[in-house]
Amino acid sequence: MLAGFLADQRATLALKCAGLEDELARRSVEPSTLSLLGLVRHMADVERHWFREVLAGEEDAGPLFSSPDSPDGDFDGASADPAAVTEAWEAWRAAVAYSDRFTAEAPHLDVSAQDGWRGEVSLRWVLIHMIEEYARHNGHADLLRERIDGTRGV
């Protein structure tokens, strides 16, 4: 059930971005750097953090689009360059595939690991957190998409 709700939230983000290319990098309202492409980049990093870095313990699987020197790099670095758009979608799809595989192969939802900020977290907690994270950002995506082309309720 949790994996299904998470899949629905992921599909919503993809749907909000459907049919857009250059417009994906369009900013919300200055001075904000929030954009649909920034959301895709951010969620790729969030997926990598929770499933690869925390749960799987892959220390070298840090964020692709942000860093300690540029904590908002996922948003600040989003540009309309076609290569940047392709890179973001490929990173997000790869992160989602890894997360889905990890979840499917886990023996149970109580698999747990230590997060430096949250302490001990279980796969169950991570799945619920990811649903919340996508839901919150899909609200942003609703507003961004409407601002770009007037599309509502996609």
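Under a hydrophobic clustering in which Ile, Leu, Val, Met, Phe, Trp and Tyr are joined whenever their side-chain heavy atoms come within less than 4.5 Å, directly or via other members, Leu64 and Met43 fall into different clusters. Two different hydrophobic clusters hold Trp117 and Val54 under the rule that ILVMFWY side chains link at heavy-atom gaps under 4.5 Å. The cluster map of Ile, Leu, Val, Met, Phe, Trp and Tyr, joined by side-chain heavy atoms under 4.5 Å apart, puts Leu39 and Phe65 in different clusters. Val40 and Phe51 fall within a single hydrophobic cluster, where Ile, Leu, Val, Met, Phe, Trp and Tyr are joined by side-chain heavy atoms under 4.5 Å apart, directly or via other members.
Side-chain atoms of Ser67 and Asp69 form no donor-acceptor pair, as typed in the model, at a separation below 3.5 Å. Under 3.5 Å, the side chains of Ser66 and Asp74 contain no donor-acceptor pair of N or O atoms.
With sequence neighbours left out, Ala106 forms a side chain to side chain contact (heavy atoms under 4.5 Å, CB included) with Val111, Leu123.
In this structure, Glu133 CD and Leu13 CG are separated by 11.0 Å, a value rounded to the nearest 0.5 Å. Summarising the geometry, atom OG1 belonging to Thr103 is positioned 9.5 Å from atom CG belonging to Leu2; distances are rounded to the nearest 0.5 Å. Distance check, rounded to the nearest 0.5 Å: CG of Asp8 to CG of Leu15 gives 11.5 Å. Once rounded to the nearest 0.5 Å, the distance linking CH2 of Trp125 with CD of Glu120 reads 12.0 Å. Here the CE atom belonging to Met1 is positioned 11.0 Å from the CG atom belonging to Leu109, to the nearest 0.5 angstrom.
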Pair up each side-chain donor or acceptor in residues 82-92 with any protein partner under 3.5 Å, not counting sequence neighbours, and list the distances.
residue: Thr86; atom: OG1; partner: Pro82; partner atom: O; Å: 3.1
residue: Trp92; atom: NE1; partner: Tyr134; partner atom: OH; Å: 2.9

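Pairs engaging residues 35-63 under the salt bridge (Lys or Arg N to Asp or Glu O under 4.0 Å) rule: Arg10-Glu47, Arg52-Glu58 [sequence neighbours left out].
When atom types are taken as modelled, the side chain of Arg145 and the backbone of Leu36 share no donor-acceptor pair closer than 3.5 angstrom. For Asp115 (side chain) and Arg118 (main-chain N/O), a donor-acceptor pair under 3.5 Å exists by modelled atom type. Remark: side-chain polar atoms of Ser32 are paired, donor with acceptor, to backbone N or O of Leu34 under 3.5 angstrom.
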In sequence, state the C-alpha distance, the side-chain angles, and the governing distance for Arg26 and Ser35, and then conclude on side-chain contact (heavy atoms from CB on, under 4.5 Å).
-> CA-CA 6 Å; Arg26 190 175 298 168; Ser35 68; 6.0 Å; no

Go through the steps for Asp149 and Thr151 under the test side-chain hydrogen bond (donor to acceptor under 3.5 Å, both in side chains), then give the verdict.
-> CA-CA 5 Å; Asp149 66 3; Thr151 300; 2.7 Å; yes

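His42 and His137 have perpendicular rings, their planes meeting at more than 60° on a 0 to 90° scale where under 30° would count as parallel.
A heavy-atom distance below 4.5 Å is not found between the side chains of His108 and Arg124. With a 4.5 Å cut-off on side-chain heavy atoms, Val121 and Trp50 count as touching.
Atom CZ of Phe5 has 12 or fewer neighbouring heavy atoms from other residues, nucleotides or ligands inside a 6.0 Å radius.
Taking a cutoff of 4.0 Å between a charged side-chain nitrogen and a carboxylate oxygen, Glu132 and Arg136 qualify as a salt bridge.
Across all their heavy atoms, Ser122 and Leu55 have their closest contact at C-CD2, 4.3 Å.
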